[in-house]
Every structure is written in structure tokens, then in C-alpha cells.
There are 2 protein chains.
Amino acid sequence: MKDETEFDDSCTHTLHREVVELVKKNLPEGKSVTDLSEFFSLFGDYTRLRIMMALEVSEMCVCCIGESLDMSDSAVSHQLKILKDSNLVKSRREGKFVYYSLSDDHVKSIIDIAVEHLSEESE
Amino acid sequence: MKDETEFDDSCTHTLHREVVELVKKNLPEGKSVTDLSEFFSLFGDYTRLRIMMALEVSEMCVCCIGESLDMSDSAVSHQLKILKDSNLVKSRREGKFVYYSLSDDHVKSIIDIAVEHLSEESE
DNA sequence: CTTTCAATTGAATACCTGTTCAATTGAATG
DNA sequence: CATTCAATTGAACAGGTATTCAATTGAAAG
């Protein structure tokens with residue numbers, strides 16, 4: 001009857017055990033990590049990122065965004081919906097046009113940090 | 001013979017035209033935006049993000065990461081390869097084990113910024 | 001040299017997600 | 001009220017990607 005009966009799967013070194021337990025304790029709950037990864041995913045798509053960077057320059061209506069980025073209005077609208085549902089952009093209607101803009105400057109600051117990281121990378 | 005022959009697609013208002021041209025001028029070239037979106041994508045996957053957050057706590061061997069996060073060693077190894085190719089994690093071999101750790105503290109700072117953003121969001 | 005365990009790899013699979021296309025809604029205008 | 005243009009929506013499609021599974025490599029120990 002060995003001492004290891006409760007540790008019968010892989011990587012059973014006691015030293016490693018302690019680390020595993022420590023990590024399990026300190027890891028945030030699944031929900032918040034999911035939220036975080038979904039947040040990063042918003043920036044992880046090429047066209048969505050381009051839309052946000054375009055809106056850093058100026059607010060624009062849907063068709064202007066499409067023309068600036070050479071995308072169909074439909075594709076733009078779909079992505080804008082995702083960004084709006086995530087509170088990264090907001091919109092206002094003026095006559096026939098719906099103008100989109102960034103909700104706040106979090107977007108810019110997050111992109112800036114990443115740009116900075118990537119530029120340091122290539123040194 | 002109208003003046004609009006060169007502007008015969010949608011959204012032809014001169015006011016909008018100027019904005020479109022401004023945005024086109026100020027938008028970074030495609031390559032750098034692609035790099036940026038790929039960078040964010042690394043954080044945009046649930047399991048990859050969990051791996052990085054686990055490594056914030058301590059360096060670990062592959063099987064310990066798997067055990068901490070309840071994933072197969074193979075799945076962990078595949079993701080670690082992606083993270084290593086992107087220079088977000090590094091590894092060292094010690095006997096039979098390969099220990100992984102974060103390359104630098106950029107990972108932590110980027111995650112922290114996002115966490116901060118999300119917490120402000122919910123106020 | 002054979003065995004054992006950790007880690008990696010490649011191929012196949014399954015899932016997710018962005019785009020397209022067609023149809024529809026909303027608002028202004030004649 | 002019909003028309004026009006901007007925008008939205010839903011369904012279908014296609015491309016990318018994470019996981020699984022099986023096989024293999026690498027290092028230590030008997």
C-alpha cells in the first residue's frame with residue numbers, strides 16, 4: 001500500500017505537486033479568463049483591428065469605412081455589430097447615415113501597448 | 001459629362017470623400033496591422049491565455065501545465081510551440097523535463113491592461 | 001541495450017468564425 | 001406613396017485553427 005495512491009497520474013514528483021497546487025490556487029476562475037480571451041479576440045481579427053484603427057483617425061459612416069478599407073458594407077456592418085456589442089465602438093444616426101466612433105480611448109491605449117511591445121521585439 | 005466620373009461608387013459626398021482620403025493616408029500598412037492582429041490572437045485563445053497566466057505564477061514542465069489546466073500534454077505542447085515561436089515563452093531542459101516560463105514581463109503587463117479595462121467596463 | 005517516462009510531431013477531425021449573397025429595414029426626398 | 005440610398009440581418013459557405021490520437025524522439029535508469 002503505497003503513499004502514492006492519491007497521486008496516481010502523471011508528473012507525480014512531490015516537488016512538482018506543490019507547484020501544480022499553487023498554480024491551481026492562483027489561477028483566476030474560468031469565467032474571467034474567458035472574458036479576457038474574448039476581449040483579446042476582438043483585436044485579434046485583421047479587419048476588426050483595421051476598423052478600430054481607422055476610427056482612431058475619424059468617426060465614419062459604414063460605407064466610408066468600407067471604402068477606406070476596401071470591404072463590403074455588409075462585412076463592415078457585421079464587424080461593427082460585434083464591436084458595438086462589446087462596447088468598443090458607439091454609433092449615432094444622422095439622417096441616412098450612421099456614424100461610428102470609438103467608445104473611449106481604451107482601444108487606442110491597448111493597441112499602443114501592443115505596438116510598443118512588437119517594436120521592442122524586433123530590436 | 002459630370003464631375004463625378006472618378007467618384008462613381010458609393011458614399012460620394014465630398015465631405016465624406018475627404019475623410020476617406022484622410023483615413024487611407026493615416027492607416028498603417030497592411031503588414032504591420034497583420035502582425036498586430038496575430039499578436040492579439042495569441043492572447044485571444046482561452047487555453048493559450050490560461051497557459052500564460054499559469055506561467056505567471058511559476059515556471060512548469062509540460063505535464064504539470066497539463067495537469068494544472070486539465071488538458072492533454074499534447075494539446076499543451078502544441079500551444080507552447082506557438083507561444084515559443086512568437087517569443088512569448090521560453091524553455092529549458094533539465095533531465096527528462098522541459099520547463100517553460102514567460103520570456104519577459106510584457107505578457108503580464110498586457111494582460112494587466114486588459115484586466116483593468118474590463119474591470120472599468122463593469123462599473 | 002532495453003525500458004520508462006516526458007515531450008514532440010503529423011495527420012485527421014471537429015469546431016468556430018468571417019465573408020458573401022440576397023432580402024429587408026429605416027430614413028429622407030421627390 | 002413610391003423611390004432611393006444607407007445600413008442591417010440571416011443563412012449558407014469557406015477558411016482557419018485547436019484538439020485528439022497514434023507514432024516517434026529524447027533522456028535517464030536499470
Side-chain angles (χ1 to χ4, degrees), chain A residues 4 7-13 15-17 19-20 33-34 37-38 40-52 59-86 89-100, chain B residues 4 7-13 15-17 19-20 33-34 37-38 40-52 59-86 89-100:
Chain A
E4 307 159 6
F7 297 149
D8 54 3
D9 44 5
S10 65
C11 209
T12 55
H13 303 268
L15 211 114
H16 285 183
R17 277 277 150 203
V19 172
V20 169
V33 182
T34 302
S37 66
E38 284 175 357
F40 280 120
S41 291
L42 295 169
F43 295 82
D45 177 70
Y46 176 69
T47 61
R48 264 195 309 266
L49 190 57
R50 280 172 85 215
I51 290 175
M52 289 187 270
E59 74 163 11
M60 273 186 287
C61 62
V62 175
C63 65
C64 283
I65 298 175
E67 201 178 323
S68 300
L69 306 180
D70 197 35
M71 303 174 54
S72 72
D73 292 356
S74 177
V76 171
S77 184
H78 276 295
Q79 296 306 330
L80 284 172
K81 177 167 175 45
I82 293 173
L83 292 173
K84 193 179 178 186
D85 289 346
S86 310
V89 306
K90 60 182 193 291
S91 64
R92 71 183 170 86
R93 179 177 273 274
E94 191 177 309
K96 280 203 278 193
F97 297 101
V98 177
Y99 293 93
Y100 280 86
Chain B
E4 308 159 5
F7 296 147
D8 54 3
D9 44 6
S10 65
C11 208
T12 55
H13 302 270
L15 210 113
H16 284 184
R17 278 275 149 205
V19 171
V20 169
V33 182
T34 302
S37 66
E38 285 174 356
F40 281 121
S41 291
L42 294 169
F43 295 82
D45 177 71
Y46 176 68
T47 61
R48 261 194 313 263
L49 190 58
R50 280 173 83 215
I51 290 175
M52 289 188 270
E59 73 164 11
M60 274 186 287
C61 61
V62 175
C63 64
C64 282
I65 298 174
E67 201 177 324
S68 299
L69 305 181
D70 197 34
M71 303 175 54
S72 72
D73 293 355
S74 177
V76 171
S77 184
H78 276 294
Q79 296 305 330
L80 283 173
K81 177 167 173 46
I82 293 172
L83 292 173
K84 193 178 179 187
D85 289 345
S86 309
V89 306
K90 60 182 193 291
S91 64
R92 70 183 171 86
R93 178 176 274 275
E94 190 178 311
K96 279 203 278 194
F97 297 101
V98 176
Y99 293 93
Y100 279 87

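Naming convention: chains lettered A, B, ... in sequence-line order (proteins, then strands); numbering from 1 in each chain. In this text, all values refer to a predicted model and were calculated from it rather than measured experimentally.
- Among the protein residues, B/Y99 comes within range of no part of the nucleic acid, since none of its heavy atoms lies under 4.0 Å from any strand.
- More than 12 heavy atoms of other residues, nucleotides or ligands sit less than 6.0 Å from atom CG of A/D85.
- Around the NZ atom of A/K90, the shell of radius 6.0 Å holds more than 12 heavy atoms that belong to other residues, nucleotides or ligands.
- Using cut-offs of 30° and 60° on the angle between ring planes, the pair B/F40 and A/F40 is parallel.
- Counting to the nearest Å, the C1' atom of C/dT4 and the CZ atom of B/F97 are 12 Å from each other.
- Scanning both residues, A/E59 and B/V19, for their nearest heavy atoms gives O-CG1, 4.1 Å.
- Axis deviation across the helix from C/dC1-D/dG30 to C/dG30-D/dC1 amounts to 10°, comparing end segments of five pairs, rounded to 10 degrees.
- A salt bridge links A/E67 to B/R17: at least one charged side-chain nitrogen sits closer than 4.0 Å to a carboxylate oxygen.
- Atom-to-atom, NZ of B/K81 to P of C/dA11 comes out at 14 Å; the value is rounded to the nearest Å.
- When all heavy atoms of A/V89 and A/L80 are compared, the closest pair comes out as CG2-O, 4.0 Å.
- In this structure, the side chain of B/R48 engages the main chain of B/L42 through a donor-acceptor pair within 3.5 Å.
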query = Which letters describe nucleotides 17-30 of chain D, given B = protein heavy atom under 4.0 Å from base, S = only from sugar-phosphate, - = neither?
reply = -SBBB-----SS--
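- Looking at heavy-atom distances under 4.0 Å, B/Y46 makes no contact with the nucleic acid at all.
- Among residues two or more places apart in sequence or in another chain, the side chain to side chain contact (heavy atoms under 4.5 Å, CB included) test is passed with B/S37 by A/Y46, A/L49.
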